[in-house]
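For reference, positions follow the sequence shown, starting with 1. All ligand and atom numbering here is 1-based and tracks the order in the structure.
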Amino acid sequence: MLKSLSLFLLLTASLNATAQARREYVLANDWKFTKGDVPEAAKPDFKDAQWQTVSVPHDWAIYGPFDGNNDLQTVKIEQNNEQKATQKAGRTGGLPFIGTGWYRRRFTVPQFKKGNQAVLLFDGAMSNAHVFVNGKEVGYWPYGYNSFSFDITPYLQASGENTLAVRLQNQPEASRWYPGAGLYRNVHLIVTEDVHIPVWGTYVTTPEINSASAKVNLKTQVERPKGNTQALRLQTEIRDAAGKVVATVSTPLASGQASGQEFVQNLEVKSPKLWSPETPVLYTADSKLYAGTVLKDEYKTRFGIRSFKFEAEKGFSLNGQPRKFKGVCNHHDLGPLGTAVNTAALRRQLALLKDMGCDAIRTSHNMPTPELVSLCDEMGFMMMVEAFDEWKRPKVKNGYSQYFDEWSEKDIVNMVHRDRNNPSVIMWSIGNEVPDQSNPEGYIIAKRLQDICHREDPTRPVAAGMDRFDDDFKNNFAQVLDIAGFNYKPHRYPEAKGKLPQGFLLGSETASTVSSRGVYKFPVEQVKQKKYRDNQSSSYDLEACSWSQIPDDEFVKQDDLGYVTGEFVWTGFDYLGEPTPYDEAWPSHSSYFGIIDLAGIPKDRYYLYRARWNTQKPTLHLLPHWTWPGREGQTTPVFCYTSYPSAELFVNGKSQGKQTKAPSDKSQSRYRLMWNEVKYQPGTIKVVAYDAQGKAVAEEEVKTAGKPDHIKLVADRTSLTADGQELAFVTARVEDAQGNLCPDATNELQFAVKGQGKFRAVGNGDATSLELFHEPKMHVFHGQLVAIVQASDKAGDVQLNVTGSGLKAAQVTLKTK
Ligand code: GAL
């Protein structure tokens, strides 16, 4: 278990001489930070007292202010078919992430003995990290999304304090979305004996699985100092989810072997419980490394037992069961929290996606934080882990292409080594819409990267997301991949199938429908690239980009074509940056693509996917809201997203007729129930759903709201772990006296937190809002926002008070323990 170093220091007094062989700490607190370049800050005696004290993970840019001049890009976006360059102010979120920043931290390594090894492991650092220990540079890693580690043993003082300094630098025009800035993921210090298992030193596979047993193959690397050739023994126990030992093996390694030697162990698990999104069962291989009777290292590898196949004509199957990916693409930012990793925030995202019936995540377009991969293992999501958004040919002026030749292999190796034991990871993706698709030599690069993945992990196939359909086939790019992934090409799937030797394909990126929560535009029409004066998009879910589609267009192909293995919708959550279709229209600075908004509130589209994907629970959702003063008598279509086959709509008790989904239709009426001619009158709209036998089984109502009266708070949880990290997400709604959401309310709310917690951030999901996430006040957007409260590390009560002028205030009490 990882513990913070400060906690460890408190505990050292009680440790005896037989302390564990491996000690791991998260360097979380007491960092010093400054923006700007201070070259002398690498030196141990540099005075950093004036710098800001921060805890890591830390995103230096999320505190704003927003400004259209931050990373202002004048570009022609080729993949959006743009004909000329235009000025794009919000493309990367309008936040101040460009430039240099320094982090410093003092640390001691308790009980560090001669012969011990110390390693610093960064889960990711944005970007161009130069790492210094006691004034000496120990290493450099340019790509901000990857994990990397450096052996710092030769640079350490055995006793007393050491100084760690990290210089980071973000270039302008290096990204197509908000990348974040700083030490935005965890930093670990790992201390081992001279003979030890290195970072990511194990590789577990399950070559044979049947109901009676599973073969488990575990390869474990050992590192040792030059000249050390003593005999070793590796003892491994496999434990099931309850901690019970289900298999053991002890393997000797004769003396005389050099460093880098690998133990190969084969174990058998009887009656294995298989991992799947529905049954995310995990096992742990607990390995102990001995030299004689001395315990040299102990290493735990969590894994799952599952098999899968991609087959011509048949598509994808997991544990022998055919299925299609019900996936979403996500960028890495956490909305109002920026890119600073927080496990509770990731868990909440996944919980929302799980309820929608989503079973897969594509980590577009880069390596995820390891916490996300662990959570996908635990909560049951299949992953496409992606490496790059560009190779040799650039999309942005200062993007990854500048590093590609020198770093692509190293980056892929780290990606694969870190995540190849995680059962959630089903495939690697080597790239997204890389311009090298149009390069006649591009397939050679694809093949090289794919081969590296195969070399490091022969058990997983390799995909890429392609958008240049004709070039992909002309240049042999699509044919070379294990999995041909197509972005926004449902209309060309049959043609692709005819040309693909693989015999199946994947919707690696789909839909890119745009909508703003709570916004409905009239007349209701299916349109592309539609822009409105208020910089919002309609939630009737009929608006897409010139290259993209509404969800239904993809559904038809997914449902009708057996060789299509599923889809990854762009995107699960709104993200900072890429405010299409308002790329040129500041103050838009966050996306409209999300099924869920930037604050984490589901848009209507959530229920369109839920009705289709969540096969366990029924969905019955009505839109739009029904408060339209001034629209009396005007046509105001009503849509119902439901898992039931048919439903009847009533306006103030008067039936508007029964609608039934048309299963053989090729358009929306196959997936949505739509009453297009409804005339608005204030009151109540009610839908009654019928099952396949025609029996009325469920109802849903929406009422016209009166004046804003009070604030209603709904916390996603009321009990938090007192670990200083955990978060509660509290949705605040402005309601009328009867408890109806006031859908056009714009009130400003203020937040005050007392007790064992603090106000952390707030978001309202409005892509045009320039209000700062960390300030304890914000306007509701269409009646709602989400306030985020963080637990302290002490048990007790936390009270959140929310006030707003003219509104009855509200309060919620959370417990931390
Ligand atoms: C794709 C691209 C994504 C995002 C999306 C928006 O072309 O792969 O990163 O830009 O378009 O529709």
Side-chain angles (χ1 to χ4, degrees), residues 73 75-82 86 88 90-93 145 173-179 327-333 361-368 384-391 393-396 399-401 429-438 463-469 471-472 477 484-492 506-516 527-531 537 541 543-551 553-554 567-584 588-595 598 605 767:
Q73 300 190 8
V75 280
K76 179 177 93 178
I77 305 178
E78 258 182 60
Q79 70 267 27
N80 296 2
N81 310 316
E82 291 183 355
T86 56
K88 296 175 173 76
R91 193 178 194 202
T92 49
Y145 294 104
E173 297 194 45
S175 186
R176 299 192 298 115
W177 56 86
Y178 176 62
V328 297
C329 306
N330 274 335
H331 273 315
H332 67 309
D333 77 63
I361 310 277
R362 172 182 182 224
T363 68
S364 46
H365 301 299
N366 40 256
M367 299 84 177
M384 180 200 289
V385 170
E386 190 153 84
F388 306 122
D389 193 48
E390 61 181 50
W391 297 345
R393 292 193 177 178
K395 283 183 185 171
V396 282
Y400 190 78
S401 68
S429 165
I430 49 177
N432 171 62
E433 300 188 352
V434 296
D436 287 285
Q437 293 163 96
S438 301
M466 298 178 287
D467 65 327
R468 304 187 180 196
F469 193 94
D471 286 354
D472 293 323
F477 195 101
F486 292 95
N487 294 4
Y488 311 108
K489 297 293 179 298
H491 48 292
R492 300 189 78 177
L506 174 67
S508 40
E509 199 175 304
T510 61
S512 266
T513 301
V514 288
S515 64
S516 309
V527 274
K528 298 248 164 135
Q529 294 298 131
K530 179 79 181 178
K531 290 181 209 161
S537 296
D541 300 324
E543 298 182 1
C545 309
S546 60
W547 60 91
S548 72
Q549 294 87 28
I550 59 169
D553 291 349
E554 183 70 34
E567 66 169 315
F568 287 85
V569 179
W570 192 264
T571 47
F573 280 78
D574 271 328
Y575 51 95
L576 293 163
E578 212 183 38
T580 314
Y582 299 105
D583 298 294
E584 291 105 17
S588 290
H589 58 275
S590 60
S591 75
Y592 298 78
F593 294 120
I595 294 172
L598 197 71
R605 244 185 304 148

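Between Phe388 and His365, the ring center distance fails the sub-6.0 Å criterion. Aromatic rings of His332 and Trp177 (six-membered ring for Trp) have centroids beyond the 6.0 Å cut-off, not under it. Between Tyr178 and Tyr575, the ring centre distance reaches or exceeds 6.0 Å.
Ligand-side atoms of ligand 1 in range of Glu578: 4 (C), 6 (C), 10 (O), range being under 4.0 angstrom from any heavy atom.
Ligand 1 has a nitrogen or oxygen under 3.5 angstrom from a nitrogen or oxygen of Arg176. Distances between N or O atoms of Tyr575 and those of ligand 1 include no value under 3.5 Å. Considering backbone and side-chain N/O of Gln79, none are found under 3.5 Å from N/O of ligand 1. In terms of N/O distances under 3.5 Å, ligand 1 is approached by Trp547. By the 3.5 Å distance cut-off applied to N or O atoms, His331 is not counted among the residues near ligand 1.
If you check which protein heavy atom lies closest to atom 9 (O) of ligand 1, you get His365 NE2, 2.6 Å. The shortest contact between atom 2 (C) of ligand 1 and any protein heavy atom is with Glu509 OE2, 3.1 Å. Of the protein's non-hydrogen atoms, the one nearest atom 12 (O) of ligand 1 is Ser512 OG, 2.6 Å. With hydrogens left out, the protein atom closest to atom 7 (O) of ligand 1 is Glu433 OE1, 2.5 Å, a heavy atom.
Within the structure, ligand 1 lacks Asp467 among the residues with a heavy atom less than 4.0 angstrom away.
Glu433 places no side-chain N or O within 3.5 Å of a backbone atom of Met466 that could act as its donor or acceptor partner. Arg176 places no side-chain N or O within 3.5 Å of a backbone atom of Asp389 that could act as its donor or acceptor partner.
Under the 4.5 Å side-chain criterion, counting only non-hydrogen atoms from C-beta, Lys395 is in contact with Pro435.
At a cut-off of 3.5 Å, with distance as the only test, no side-chain donor of Thr580 or Tyr592 sits close to an acceptor on the other residue. Remark: the Tyr488 side chain and the Glu509 side chain contain an N/O donor-acceptor pair separated by less than 3.5 Å.
Here Trp177 has no heavy atoms under 4.0 Å from ligand 1, in either its backbone or its side chain.
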